[in-house]
S.K.: 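Okay, handing you the structure first.
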Amino acid sequence: MVEPTPDGQRDRALGALLGLAMGDALGMPTQTLSAAEIRARYGRIGGFQAPYAGHPVSHGLPAGAVTDDTEQALLLARRILAGPWDDRAWATDLLAWEAGVKARGLRDLLGPSTKRALEALSAGADPAETGRQGTTNGAAMRIAPVGIAMPPDPLADLVATVARTARVTHATAPAIAAASAVAAAVSAGIAGAGWQAACALAIVAARRGALAGCWAEAADVATRIEAACAARDPVSLIGTSVMATESVPCALGLVALAEGDAWQAGCMAAEAGGDTDTIAAIAGAICGACQGSSALPKETVAFLVEVNGLVLEPLIDGLLAMRRMQDRGAA
């Protein structure tokens, strides 16, 4: 693995967030639907589409619009850049974000684990306890900024940061394992790794992450990632639900199936059924980190940025500055 130049590193970091947003937007009109219904309503997914009238979650959004996956990832990036981590400030951020979503008349609100945890926190619960039932993919879907802000070595530091940012809402072994896998794969890509090495590190990180969370009755995330990355059909083998043990391994399996191509992985995820926007967003973030933004389809990216008013460069620069500080500290 050859460390990219600063410009190359920036291109990969930008690729991670643009890949996340691109996958999110591809999966937006198909989320919560079965694969059969997706085929019947949209046919093959080969570009951004508007959701059909009456869609249970995405109704009213335009083609190319992002959802909670991208919005919460950017929210997390801003919280990381704000200074020392503060659980209650992060909880306030999430609650304010949901209020804004409701004010816009949208239905893509906080996921079940996050909502339950924040309600408990608002009622006075200890932040160290509120995430002990969180086994869904909310932490993993928004974790890419941690992968940008931290190098992959030492991996223990990256996993500890993942666990710290996840604990208010997702403090379980499967949730932290899944989020650690995504953060490590993104971080490896920015450090110069290709998709194969990024997926390999994701497995190692998932094993470490599982030790950082409280036990939950669930499958082992690392084992599932291994199986998904070797499968001809990771969707059928693993599943596509909101559970961290399904959506995250499935996303990594699609990264492998697409051989690291962000657009192909996103389109396959959007057709898979279930939590399509999150699976496509995670796959897109990993592929984008390994490919760089310059490898993403330019007209598609320009449309995505325009529709959503994305301004990513200041966040990227701030996160990479943090990463350089980590690198200097390890030297």
Side-chain angles (χ1 to χ4, degrees), residues 13-14 16-18 20-21 24 66-104 108-111 113-122 125-131 134 136-151 157-172 175-176 178-180 182-184 186-187 190 209 212-213 244 278 281-282 285 289 308-326:
L14 186 58
L17 292 189
L18 285 173
L20 186 155
D24 186 10
V66 299
T67 74
D68 58 334
D69 303 87
T70 303
E71 292 188 4
Q72 288 190 32
L74 301 184
L75 193 70
L76 178 59
R78 289 190 285 271
R79 175 48 50 195
I80 292 170
L81 293 172
W85 185 258
D86 185 311
D87 285 337
R88 291 194 179 276
W90 175 230
T92 299
D93 290 343
L94 287 168
L95 289 170
W97 171 83
E98 184 178 49
V101 171
K102 289 179 178 178
R104 286 181 279 161
D108 209 351
L109 305 176
L110 292 170
S113 295
T114 299
K115 185 66 173 176
R116 181 172 55 242
L118 294 181
E119 287 175 347
L121 192 67
S122 297
D126 184 344
E129 300 295 323
T130 52
T136 52
N137 57 25
M141 77 179 191
R142 60 189 178 228
I143 203 66
V146 172
I148 297 171
M150 299 198 66
D157 289 354
L158 185 148
V159 170
T161 301
V162 170
R164 184 162 58 250
T165 62
R167 66 188 172 196
V168 170
T169 58
H170 296 81
T172 64
I176 294 175
S180 296
V182 177
V186 168
S187 182
I190 292 165
T278 294
I282 290 171
N308 296 285
L310 296 176
V311 182
L312 302 178
E313 288 79 4
L315 295 177
I316 291 294
D317 291 340
L319 294 170
L320 287 176
M322 294 182 69
R323 186 184 183 101
R324 287 191 291 272
M325 289 179 64
Q326 297 284 332

S.K.: A160: what forms a side chain to side chain contact (heavy atoms under 4.5 Å, CB included) with it, not counting sequence neighbours?
M.R.: none
S.K.: Quick one: does any side-chain atom of R116 pair with a main-chain N or O of T130 as donor and acceptor, under 3.5 Å?
M.R.: no
S.K.: Indicate the atoms forming the closest heavy-atom contact of T165 with W85, along with that distance.
M.R.: CA-CZ2, 3.6 Å
S.K.: Measure the spacing between CZ of R142 and CG of L94 and express it to the nearest 0.5 Å.
M.R.: 5.5 Å
S.K.: So, for W90 and Q72, which heavy atoms are closest and what is the spacing to 0.1 Å?
M.R.: CH2-O, 4.2 Å
S.K.: Taking side chain to side chain contact (heavy atoms under 4.5 Å, CB included) as the definition, give me every residue that meets it alongside A289, ordered by chain and number, with sequence neighbours left out.
M.R.: A16, V186, I190
S.K.: Can you name the nearest heavy-atom pair linking A140 to V182, along with the distance?
M.R.: O-CG1, 4.0 Å
S.K.: Indicate yes or no for a side-chain donor-acceptor contact from T114 to the backbone of T169 under 3.5 Å, with no hydrogens or angles considered.
M.R.: no
S.K.: About how many Å separate CG of L312 and CG of L74, when rounded to the nearest 0.5 Å?
M.R.: 6.0 Å
S.K.: Only counting residues at least two apart or in another chain, list the ones meeting side chain to side chain donor-acceptor pair (under 3.5 Å) with R78.
M.R.: none
S.K.: So V101 and E71, do their side chains get closer than 4.5 Å, heavy atoms only?
M.R.: yes
S.K.: To the nearest 0.5 Å, tell me how far I316 CD1 sits from L17 CG.
M.R.: 4.0 Å
S.K.: Can you name the side chain to side chain donor-acceptor pair (under 3.5 Å) partners of T136, sequence neighbours left out?
M.R.: S113, H170
S.K.: Roughly how far, to the nearest 0.5 Å, is the CD1 atom of I143 from the CD1 atom of I176?
M.R.: 9.5 Å
S.K.: Output all residues satisfying salt bridge (Lys or Arg N to Asp or Glu O under 4.0 Å) with E313, sequence neighbours left out; order by chain, then residue number.
M.R.: none
S.K.: Please list all pairs meeting salt bridge (Lys or Arg N to Asp or Glu O under 4.0 Å) that have one or both residues in residues 80-90, counting only residues at least two apart or in different chains.
M.R.: D87-R167
S.K.: Passes side-chain contact (heavy atoms from CB on, under 4.5 Å), N308 versus T70? Steps please.
M.R.: CA-CA 10 Å; N308 296 285; T70 303; over 6 Å; no
S.K.: Between D24 and A281, is there a donor-acceptor pair closer than 3.5 Å when you use the side chain of the first and the backbone of the second?
M.R.: no
S.K.: When you measure from the side chain of D126 to the backbone of A128, do you find a donor-acceptor pair of N or O atoms at a distance under 3.5 Å?
M.R.: yes
S.K.: In chain order, what residues pass the salt bridge (Lys or Arg N to Asp or Glu O under 4.0 Å) check against D317, with sequence neighbours excluded?
M.R.: R10
S.K.: Using the test side chain to side chain contact (heavy atoms under 4.5 Å, CB included), find all partners of E119 that sit at least two apart in sequence or belong to another chain.
M.R.: K115
S.K.: Which atom names give the shortest non-hydrogen contact between S187 and P151, and what distance separates them?
M.R.: OG-C, 3.1 Å
S.K.: Please enumerate all residues that pass salt bridge (Lys or Arg N to Asp or Glu O under 4.0 Å) together with R79, with sequence neighbours excluded.
M.R.: D93
S.K.: Minimum heavy-atom separation for G209 and V159, please, with both atom names.
M.R.: CA-CG1, 3.7 Å
S.K.: Are any side-chain N or O atoms of T172 and backbone N or O atoms of G134, one a donor and one an acceptor, separated by less than 3.5 Å?
M.R.: yes
S.K.: Using side chain to side chain contact (heavy atoms under 4.5 Å, CB included) as the criterion, list what pairs up with T278, not counting sequence neighbours.
M.R.: D69, N137, M141, D275, I282
S.K.: What closest approach, in Å, do L319 and L81 show between heavy atoms, and which atom pair accounts for it?
M.R.: N-CD2, 3.7 Å
